[in-house]
Amino acid sequence: MGSTEGISNNNVIDPFNLIFLHPSDILGISLVHTPFSSTGFGGWKRSVIVSSSAKNKIGFVDGTCPKPAENSPHIKQWNICNNMVISWLTSSLFPEIAESVQYSETAESIWE
């Protein structure tokens, strides 16, 4: 499943495409019930994986939805989705930890 498959000729993105954003995808929501604070990493990690997978955005976290070339017609939509996932990840971290990754360029780099 590539990041740009499922885009029709009229630029409508298939809802199953990785770069599709659903109207319920909102900036700043937390993917987990309890933000990661330096303890309970295993449970937090599993919750983030499940939540981002349920939103069909795990590819931004694990790197399987790579950034397209800067001249790609899909770069703008990829950047929007990547920034949304960055927002979700940082909202799922304790503020002190979120501050340490706030300048990361990709959701994948935060995850690493």
Side-chain angles (χ1 to χ4, degrees):
M1 180 183 316
S3 64
T4 58
E5 294 175 14
I7 299 177
S8 67
N9 290 337
N10 60 1
N11 290 326
V12 174
I13 301 172
D14 180 318
F16 296 104
N17 189 281
L18 298 176
I19 61 172
F20 174 81
L21 282 177
H22 190 272
S24 69
D25 292 335
I26 301 167
L27 281 170
I29 62 167
S30 179
L31 295 173
V32 297
H33 186 272
T34 305
F36 179 67
S37 65
S38 75
T39 61
F41 177 73
W44 177 85
K45 178 181 176 182
R46 174 75 177 143
S47 293
V48 169
I49 290 170
V50 168
S51 296
S52 59
S53 180
K55 291 183 161 294
N56 198 27
K57 297 295 177 268
I58 191 69
F60 288 88
V61 175
D62 68 13
T64 58
C65 182
K67 185 176 183 176
E70 289 298 324
N71 62 350
S72 168
H74 311 296
I75 187 66
K76 183 176 180 180
Q77 186 65 25
W78 187 93
N79 282 327
I80 291 168
C81 289
N82 179 64
N83 287 334
M84 181 71 71
V85 177
I86 286 173
S87 169
W88 295 342
L89 288 174
T90 56
S91 295
S92 300
L93 297 167
F94 226 57
E96 293 79 12
I97 298 172
E99 187 176 321
S100 73
V101 296
Q102 69 181 345
Y103 295 106
S104 297
E105 295 285 327
T106 64
E108 180 186 13
S109 64
I110 291 173
W111 190 246
E112 290 175 353

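Residues Ser52 and Val85 are not in side-chain contact: their nearest non-hydrogen atoms beyond the backbone lie 4.5 Å or more apart.
Shown here are the side chain to side chain donor-acceptor pair (under 3.5 Å) partners of Thr106, two or more places apart in sequence or in another chain: Ser109. Residues satisfying the side-chain contact (heavy atoms from CB on, under 4.5 Å) criterion with Val50, sequence neighbours excluded, are Arg46. The side chain to side chain donor-acceptor pair (under 3.5 Å) check on Ser30 picks up Ser92, with sequence neighbours excluded. Under the salt bridge (charged side-chain N to carboxylate O under 4.0 Å, His left out) criterion, Glu70 pairs with Lys67, sequence neighbours left out. Looking at residues two or more places apart in sequence or on another chain, you find a side-chain contact (heavy atoms from CB on, under 4.5 Å) between Lys45 and Phe41, Ile49, Trp111.
Listed by first then second residue, pairs satisfying salt bridge (Lys or Arg N to Asp or Glu O under 4.0 Å) with a partner in residues 80-92 number zero, not counting sequence neighbours. Applying the salt bridge (Lys or Arg N to Asp or Glu O under 4.0 Å) test to pairs two or more places apart or on separate chains, none has a residue in residues 96-112. Residue pairs meeting the salt bridge (Lys or Arg N to Asp or Glu O under 4.0 Å) criterion with at least one partner in residues 84-93, sequence neighbours excluded, are absent. Applying the salt bridge (Lys or Arg N to Asp or Glu O under 4.0 Å) definition to pairs two or more places apart or across chains, those involving residues 15-36 are Asp25-Lys55. The side chain to side chain donor-acceptor pair (under 3.5 Å) pairs that include a residue from residues 79-88 number zero, where partners must be two or more places apart or lie in different chains.
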Please set out all donor-acceptor pairs under 3.5 angstrom arising from side-chain atoms of residues 31-40, sequence neighbours excluded.
none

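Rounded to the nearest 0.5 angstrom, Asn56 CG and Leu18 CG are separated by 5.0 Å. Distance check: Ile19 CD1 to His74 NE2 gives 6.0 Å after rounding to the nearest 0.5 Å.
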